[in-house]
Amino acid sequence: MAQARLKLESGWKQLLADQFDQPYMKQLRAYLVERGKSATVYPPPAQWFSAFNATALAEVKVVILGQDPYHGPGQAHGMCFSVLPGVAIPPSLRNIYKELHSDLGISPVSHGYLQSWADQGVFLLNSVLTVEHGQAAAHQGKGWEQFTDVVIERLSAQHSNLVFMLWGGYAKKKGQVIDTDQHCILTSAHPSPLSVRGFTGCKHFSRANDYLQSVGKTPVQWRLPETAQVVVPKPS
């Protein structure tokens, strides 16, 4: 994670340049190197910052905030709630698809690859960017939260009229650094099977588009392509 070697979209790299030499980030890097010797860490290092490279800083208009990556083989690829084509759709994402259908009449697709959302300015950020095989929340409290707090706070300060979707208590707490006077904050329960009753019927997708249109921005086409082709983001 040394700044000189970091492959990161230029806008994000400029916004966050001062963070990569901070003591907490050096400690985090050392921790991840050490854990990588004996544990399987997801996603692979080349995908830790995929969300940043998939959605340029200047293009962000919606932020969906997740907690930490999926912890099964082949699932996590650096964008919250998304999985690569060919990977089974996780339960939380299935519930997101159900809400999309209820809210906007969009039928679920057979894959869980959310790249087309990212292409339209939907920033798919996890609060913690790594995890270990079979151990949810394994890397919480190791430094990622400090980094993503800075991401959210600076994103809030630099932009106006963003939509933040905060699903679950963890995301709501994380959202305390957002300027509520400048942005649209949508909150609900998390879409996981354990709390989905409080997520169902939130209508966040239509509400997000209504807000974007009200401030003169293009709404998001939430309908995903029927077939998915992997895009490898290329940092500018």
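Because the structure is a prediction, the values reported are computed rather than measured. Reckoned from all heavy atoms, side chains included, excluding hydrogens, waters and symmetry mates.
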(request) To the nearest 0.5 Å, tell me how far His204 NE2 sits from Trp222 CH2. (result) 11.0 Å
(request) Could you check Phe20 against Phe147 for ring-ring contact (aromatic ring centres under 6.0 Å, His included), going step by step and ending with a plain yes or no? (result) CA-CA 9 Å; Phe20 295 101; Phe147 175 73; 5.6 Å; yes
(message) Restricting to non-hydrogen atoms, name the atom on Ala208 and the atom on Val163 that form the minimum distance, rounded to 0.1 Å.
(response) CB-CG1, 3.9 Å
(message) Determine whether a donor-acceptor pair (N or O, by modelled atom type, separation under 3.5 Å) exists between the side chain of Gln67 and the backbone of Asn126.
(response) no
(message) Between Thr148 and Lys174, does the side chain to side chain contact (heavy atoms under 4.5 Å, CB included) criterion hold? Intermediate values first, please.
(response) CA-CA 9 Å; Thr148 52; Lys174 189 85 172 168; 2.7 Å; yes
(message) By the side-chain hydrogen bond (donor to acceptor under 3.5 Å, both in side chains) test, which pairs, at least two apart or in different chains, include something from residues 97-108?
(response) Asp103-Ser206
(message) Any heavy-atom pair between the side chains of Gln115 and Ser82 that's under 4.5 Å?
(response) no
(request) Determine, stepwise, if the pair Val131 / Val41 fulfils side chain to side chain contact (heavy atoms under 4.5 Å, CB included). (result) CA-CA 6 Å; Val131 74; Val41 176; over 6 Å; no
(message) On a heavy-atom basis, which atom in Pro85 and which in Ala228 lie closest, and how many Å separate them?
(response) CG-CB, 3.7 Å
(message) A side-chain contact here means heavy atoms from C-beta on lying under 4.5 Å apart; do Leu125 and Ile64 qualify?
(response) no
(request) Would you kindly say whether Thr130 and Trp144 are connected by a side-chain donor-acceptor distance under 3.5 Å? (result) yes
(request) Check whether any side-chain N or O of Gln75 sits under 3.5 Å from a backbone N or O of Gly72 as a donor-acceptor pair, and report yes or no. (result) yes
(request) Kindly write out the residues that satisfy side-chain hydrogen bond (donor to acceptor under 3.5 Å, both in side chains) with Ser188, not counting sequence neighbours, or none if the list is empty. (result) none
(request) Spell out, as yes or no, whether a donor-acceptor pair under 3.5 Å connects the side chain of Asn209 to the backbone of Val220. (result) yes
(request) Tell me, please, which residues at least two apart from Gln182 pass side chain to side chain contact (heavy atoms under 4.5 Å, CB included). (result) Ser160, Asp179
(message) Applying side chain to side chain donor-acceptor pair (under 3.5 Å) to Thr227 and His111, what does each step give before you reach the verdict?
(response) CA-CA 7 Å; Thr227 58; His111 63 85; over 6 Å; no
(message) Please determine whether a side-chain nitrogen of the Lys or Arg among Lys26 and Asp21 lies less than 4.0 Å from a carboxylate oxygen of the Asp or Glu.
(response) no
(request) Go through the structure and list residues passing ring-ring contact (aromatic ring centres under 6.0 Å, His included) with Phe199, not counting sequence neighbours. (result) Trp167
(message) Run Leu57 and Leu155 through side chain to side chain contact (heavy atoms under 4.5 Å, CB included) and show every step you take.
(response) CA-CA 8 Å; Leu57 174 63; Leu155 186 59; 3.7 Å; yes
(message) Can you give me the closest heavy-atom contact between Ala51 and Leu124, atom names plus distance?
(response) CB-O, 3.2 Å
(message) Using side-chain heavy atoms (C-beta onward) and a distance below 4.5 Å, is Pro69 in contact with Pro43?
(response) yes
(request) Could you tell me which residues satisfy salt bridge (Lys or Arg N to Asp or Glu O under 4.0 Å) with Glu226, sequence neighbours excluded, listed by chain and number? (result) none
(message) Would you compute the distance between atom NZ of Lys203 and atom CG of Asp210 and round it to the nearest 0.5 angstrom?
(response) 11.0 Å
(request) Please name all residues satisfying ring-ring contact (aromatic ring centres under 6.0 Å, His included) with Tyr24, sequence neighbours left out, ordered by chain then number. (result) none
(message) Please check this pair: side chain of His183 against backbone of Ser156, looking for a donor-acceptor N/O pair closer than 3.5 Å.
(response) yes
(request) Please report the shortest heavy-atom distance between Lys142 and Leu28, naming the atom on each side. (result) O-CD1, 3.6 Å
(request) Hey, could you give me the CG/SG distance between Leu212 and Cys184, rounded to the nearest 0.5 Å? (result) 8.0 Å
(message) Determine whether a donor-acceptor pair (N or O, by modelled atom type, separation under 3.5 Å) exists between the side chain of Ser50 and the backbone of Gly78.
(response) no
(message) Any side-chain to backbone donor/acceptor pair from Lys217 onto Asn161? Under 3.5 Å, distance only.
(response) yes
(request) Determine the minimum heavy-atom distance between Tyr113 and Gln229, stating which atoms define it. (result) CE2-O, 3.3 Å
(message) When you measure from the side chain of Ser195 to the backbone of Ala189, do you find a donor-acceptor pair of N or O atoms at a distance under 3.5 Å?
(response) no
(request) Not counting sequence neighbours, which residues clear side-chain hydrogen bond (donor to acceptor under 3.5 Å, both in side chains) with Tyr70? List them please. (result) none
(request) Indicate yes or no for a side-chain donor-acceptor contact from Trp48 to the backbone of Tyr42 under 3.5 Å, with no hydrogens or angles considered. (result) no
(message) If you apply the rule side chain to side chain contact (heavy atoms under 4.5 Å, CB included), what do you find for Val62 with Phe164, and how did you get there?
(response) CA-CA 6 Å; Val62 177; Phe164 287 87; over 6 Å; no
(message) Once rounded to the nearest 0.5 Å, what's the spacing between atom OG1 of Thr40 and atom NE2 of His71?
(response) 13.5 Å
(message) Check the orientation of Trp117 and Phe205. Use parallel for under 30°, tilted for 30 to 60°, and perpendicular for over 60°.
(response) tilted
(request) Any chance you could measure Gln27, atom CD, to Met25, atom CE, to the nearest 0.5 Å? (result) 11.0 Å
(request) Just jot down the side-chain hydrogen bond (donor to acceptor under 3.5 Å, both in side chains) partners of Arg223, sequence neighbours excluded, or say none. (result) none
(request) Output the distance between atom CG (Leu65) and atom SG (Cys80), rounded to the nearest 0.5 Å. (result) 7.0 Å
(request) Please answer whether the main-chain N or O of Asp18 pairs with a side-chain N or O of Gln22 as donor and acceptor at a distance below 3.5 Å. (result) yes
(request) For His190, enumerate each residue passing the ring-ring contact (aromatic ring centres under 6.0 Å, His included) test, keeping only those at least two apart in sequence or located in another chain. (result) Phe81
(request) Not counting sequence neighbours, which residues clear ring-ring contact (aromatic ring centres under 6.0 Å, His included) with His139? List them please. (result) Tyr31
(message) What I'd like to find out is whether the side chain of Met165 reaches to under 4.5 Å of the side chain of Val63, using heavy atoms alone.
(response) no
(request) State, with a plain yes or no, whether a side-chain heavy atom of Tyr170 is found less than 4.5 Å away from one of Glu145. (result) yes
(message) Could you work out, with salt bridge (Lys or Arg N to Asp or Glu O under 4.0 Å) as the rule, every residue matching Lys61, not counting sequence neighbours?
(response) none
(request) For the residue pair Pro225 and Val109, establish whether any side-chain heavy-atom pair is separated by less than 4.5 Å. (result) no
(message) To check you understand the geometry: which heavy-atom pair defines the closest contact between Val60 and Leu162, and what is its length?
(response) O-CD2, 3.2 Å
(message) Grouping I, L, V, M, F, W and Y whenever their side-chain heavy atoms are under 4.5 Å apart, do Leu93 and Leu104 come out in a common cluster?
(response) yes
(request) For Arg94, check salt bridge (Lys or Arg N to Asp or Glu O under 4.0 Å) against everything at least two apart and list the hits. (result) none
(request) Kindly say whether Leu16 contributes a backbone atom to a donor-acceptor pair with the side chain of Arg154 at under 3.5 angstrom? (result) no
